[in-house]
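Remember, it's a predicted structure, so these values are computed and weren't measured experimentally. Lettering follows sequence order; numbering is per chain, from 1.
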Protein chains: 2
Amino acid sequence: MTRPLRADALRNRERLVAAATELFTGSGVDVPLDRVAKRAGVSIGTLYNHFPNRGALIDAVLPDRVGELDRLAAHACAAGDPWSGFTTFLYGMFEMQAADRAINDAILQGRPPGPTAVPAECGRGGGVVEQVLGRARDAGVLRADFGPSDLGMLVRSMAQVIAWSEGDDEVWRRHLGFVLTGVWAGRS
Amino acid sequence: MTRPLRADALRNRERLVAAATELFTGSGVDVPLDRVAKRAGVSIGTLYNHFPNRGALIDAVLPDRVGELDRLAAHACAAGDPWSGFTTFLYGMFEMQAADRAINDAILQGRPPGPTAVPAECGRGGGVVEQVLGRARDAGVLRADFGPSDLGMLVRSMAQVIAWSEGDDEVWRRHLGFVLTGVWAGRS
DNA sequence: TAACAACTTGAGGGCCACCTCAGGTTGCTG
DNA sequence: CAGCAACCTGAGGTGGCCCTCAAGTTGTTA
């Protein structure tokens, strides 16, 4: 079906993804596409040959990063204590989110009619994430009614908090701490 | 210094504010200014005569609404129980925020380098708000270290949650409940 | 190496919102 | 009511970004 790309085409595509990754990560997913093309050393036309729109480019950039979620979640499941597994998973995840404006922006901008495939990607890793949640719930340390949609909302709200933290991790950590205390079901 | 406006100028200014209030409230603070002018029955040039930029218009629209905060806060202080005073204040405030896209948008978009004077306005009512906080803290029902900046962060994060709730108040109420549980310092 | 298809190029058209300003209109004052 | 300032008007300039496409270039296959 899909015949192999010509050598130069493949090279250009890789350069484009690399340039987009850099710019999206640093300045958000709103950077003019001309700038992405220029940084890739390629014409704007070529960019559009490979990616019909901005969303396609974002979709090409994000999945790599989302893969890290799997590792984080696996690590969390391996932890002895379900609660600390759950919390370190969240802290790790938001650390990643705070370090990469592309991710944070994608979450912020994924307004109700989400344009890109981020939700789909999140669904992919959803299985593992659901495991982390389930383990904490079953152990009775997480509110029994805390579901994936609650986590989704937390991610979105934290994206906003992170954007306001301006690089100071302590700021969003503090806020996250409040919420975690709120969803903790253990005995104090 | 500032001599009184001419009669027609005053009328136009009022019409502009009214039109902007309607449009901002319903469709967010991003509506094209041409549309605001048209709805006010005034030319775009007149709009710029009165308000040099969008921020000035927003500043003219919001303060009315922020005034309601004072009433809410006063009501909260009048409540017998400091904790229920605190929580009903917050629920009331976010209800207002959920009902008015102008407010919610202004909060969401007031990115770190905030353009409009919303923060200043919040500071104005800040005295009363600080009272509500202080009362709850002094009564030992609110974390002793929960300050105004924490409240500010909560407001911002809730703005995001509200935007995602798409009119379903139960959604943001649920999330707010988590956070409130987290900052509650009473004995369970 | 010929010859085709795949790919690239970048000027340019479209769109939309922002904002200006020269000229016309209107309230106001004496 | 004259005459001046204050005010209004809206066509049009500006800028940014989006996206297209006809013409040129380059990899590839035979």
Tabulate protein N/O versus nucleotide N/O from nucleotides 3-6 of chain D, keeping only pairs under 3.5 Å, one per line.
{"from": "dA6(D)", "atom 1": "N3", "to": "R6(B)", "atom 2": "NH1", "distance (Å)": "2.5"}

Does the protein touch nucleotides 14-24 of chain D at the base, only the backbone, or not at all? Give it as B, S and - per nucleotide, heavy atoms under 4.0 Å.
---SSBB----
Does the side chain to side chain contact (heavy atoms under 4.5 Å, CB included) test come out yes or no for V155(A) and Q97(A), once each step is laid out?
CA-CA 9 Å; V155(A) 168; Q97(A) 197 168 314; 3.9 Å; yes
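- Residues passing the side-chain hydrogen bond (donor to acceptor under 3.5 Å, both in side chains) test with R143(A) are D145(A), sequence neighbours excluded.
- Using a cutoff of 4.0 Å between basic side-chain nitrogens and carboxylate oxygens, E22(A) and R35(A) are not scored as salt-bridged.
- With contacts defined as side-chain heavy-atom distances shorter than 4.5 Å, the pair F178(A)/D150(B) qualifies.
- Mapped onto DNA chain D by nearest heavy atom, N12(B) and R11(A) fall at different nucleotides, with N12(B) at the one closer to the 5' end.
- Of the two residues contacting DNA chain C, namely L47(A) and D8(B), the nearest-nucleotide position lying further toward the 5' end is that of L47(A).
- Identified under the salt bridge (charged side-chain N to carboxylate O under 4.0 Å, His left out) test for residues 73-94 of chain B, with sequence neighbours left out: none.
- When DNA chain C is scanned 5' to 3' for any atom under 4.0 Å from a heavy atom of chain B, the first and last hits are dA17(C) to dC28(C).
- In this view, R135(A) satisfies the salt bridge (Lys or Arg N to Asp or Glu O under 4.0 Å) rule with no residue, not counting sequence neighbours.
- Judged by distance alone, the side chain of S157(B) and the main-chain N or O of L154(B) form a donor-acceptor pair under 3.5 Å.
- No donor-acceptor distance shorter than 3.5 angstrom exists from the side chain of N104(B) to the backbone of A98(B), with no hydrogens or angles considered.
- You'll find the side chain of W172(B) stays beyond 4.5 Å of the side chain of H175(B), heavy atoms only.
- No donor-acceptor distance shorter than 3.5 angstrom exists from the side chain of R39(A) to the backbone of A18(A), with no hydrogens or angles considered.
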